[in-house]
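Remarks on the structure that follows.
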Amino acid sequence: SAFAILSHHLAKDANWTAHNVAIGADSGESVINVSRNSYSSSILPMLDNHRRFAPDCEYIGEERVKVTTLDETARLTNTDRGMLKIDTQGYEHFVIAGARRTLDRVFLIECELSLIPLYSGQYLIGDMITSCSAAGFRPVCFEREFSDSHTGYALQVNGLFCRA
């Protein structure tokens, strides 16, 4: 359903091509959990922590989705240099695992990093920094993304990683 909205907006710009797939570590199929607020939708199960901090994020449905890897989908040439923005609600490490060849053409990665578990099976900030470092990137900036409205504690930050 989100793809239909995206397609409508992209129809106005011939420079964009949309693919109705999820990006992961391997090709196949999966079920994406659809959130009431849409941007909390994830292949991973949501934890009670997340629902406690954002009550409007509860799952309201499921959709079957084709999964592919970035290595299979990206259309970068040997001379292209790109930025990779990953916003997959806890699924970031799966995206990176399926992008080993693509990452050779990437100079910046931006992704959400959780400081506490919000989705079952997600990597937390330390593991994501290690994963990006192993892929040849170093962290250069963090910005607060999602916080506990009662305490102000950061729950997620956006991280920017530059090719080392």
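In this text, all values refer to a predicted model and were calculated from it rather than measured experimentally. Residue indices begin at 1 and follow the sequence shown.
- Across all their heavy atoms, A18 and L6 have their closest contact at CB-CD2, 4.0 Å.
- Separation of the F146 and H50 ring centroids falls under the 6.0 Å cut-off.
- Considering every non-hydrogen atom in both F142 and P139, the closest pair reads CZ-CB, 3.6 Å.
- No more than 12 heavy-atom neighbours from other residues, nucleotides or ligands sit within 6.0 angstrom of CZ on R101.
- Expressed to the nearest 0.5 Å, how far CD1 of I5 lies from CG of L10 amounts to 12.0 Å.
- Under the side chain to side chain contact (heavy atoms under 4.5 Å, CB included) test applied with C111, the options T88, I86, N158, L84 reduce to a single match, I86.
- With hydrophobic clusters built from ILVMFWY side chains whose heavy atoms lie under 4.5 angstrom apart, L47 does not share a cluster with Y91.
- Without hydrogens or angle criteria, S7 side chain to F3 main chain gives a donor-acceptor distance under 3.5 Å.
- The shortest distance between side-chain heavy atoms of V34 and S41 falls below 4.5 Å.
- With values rounded to the nearest 0.5 angstrom, I43 atom CD1 is found 11.5 Å from E62 atom CD.
- A distance of 11.0 Å separates CG in N33 from CD1 in I60, rounded to the nearest 0.5 Å.
- For the atom pair E63 CD and I32 CD1, the distance stands at 7.5 Å (nearest 0.5 Å).
- Pairing each heavy atom of S42 with each of Y119, the nearest pair is CB-CE2, 3.6 Å.
- The local environment of CD in E29 is crowded, with over 12 non-hydrogen atoms from other residues, nucleotides or ligands closer than 6.0 Å.
- A distance of 10.0 Å separates CG in L113 from CD in E145, rounded to the nearest 0.5 Å.
- The side chain to side chain contact (heavy atoms under 4.5 Å, CB included) test with N49 is passed by exactly one of L155, L118, D148: L118.
- With no hydrogens or angles considered, no side-chain donor-acceptor pair links T69 and D71 at under 3.5 Å.
- Of the N and O atoms on the side chains of Q89 and Q122, not one donor lies less than 3.5 Å from an acceptor on the other residue.
- Side-chain contact between V21 and V65 is absent, with no heavy atoms from C-beta onward closer than 4.5 Å.
- Taking each heavy atom of S147 and A154 in turn, the nearest pair found is OG-CA, 3.9 Å.
- Within 6.0 Å of the OH atom in Y153, the count of heavy atoms belonging to other residues, nucleotides or ligands does not exceed 12.
- For the salt bridge (Lys or Arg N to Asp or Glu O under 4.0 Å) condition, the pairs that include at least one residue of residues 48-59, sequence neighbours left out, are R36-E58, D48-R51.
- Within 6.0 Å of NZ on K85 lie more than 12 heavy atoms contributed by other residues, nucleotides or ligands.
- Considering every non-hydrogen atom in both S114 and Q156, the closest pair reads OG-NE2, 3.1 Å.
- If you chain together hydrophobic residues whose side chains sit under 4.5 Å apart, Y39 and Y59 never meet in one group.
- Atoms CD1 and CG, from I129 and L124 in turn, are 11.0 Å apart once rounded to the nearest 0.5 Å.
- Under a 4.5 Å side-chain heavy-atom cut-off, the cluster of Ile, Leu, Val, Met, Phe, Trp and Tyr residues that includes L108 is completed by M83, F107, V140, L160.
- For H19, the NE2 atom is densely surrounded, since the number of other residues' heavy atoms within 6.0 Å is greater than 12.
- Of the N and O atoms on the side chains of E92 and Y123, not one donor lies less than 3.5 Å from an acceptor on the other residue.
- The shortest non-hydrogen separation linking G24 to V67 is N-CG1, 3.9 Å.
- Other residues, nucleotides and ligands contribute over 12 non-hydrogen atoms within 6.0 Å of the CZ atom of F53.
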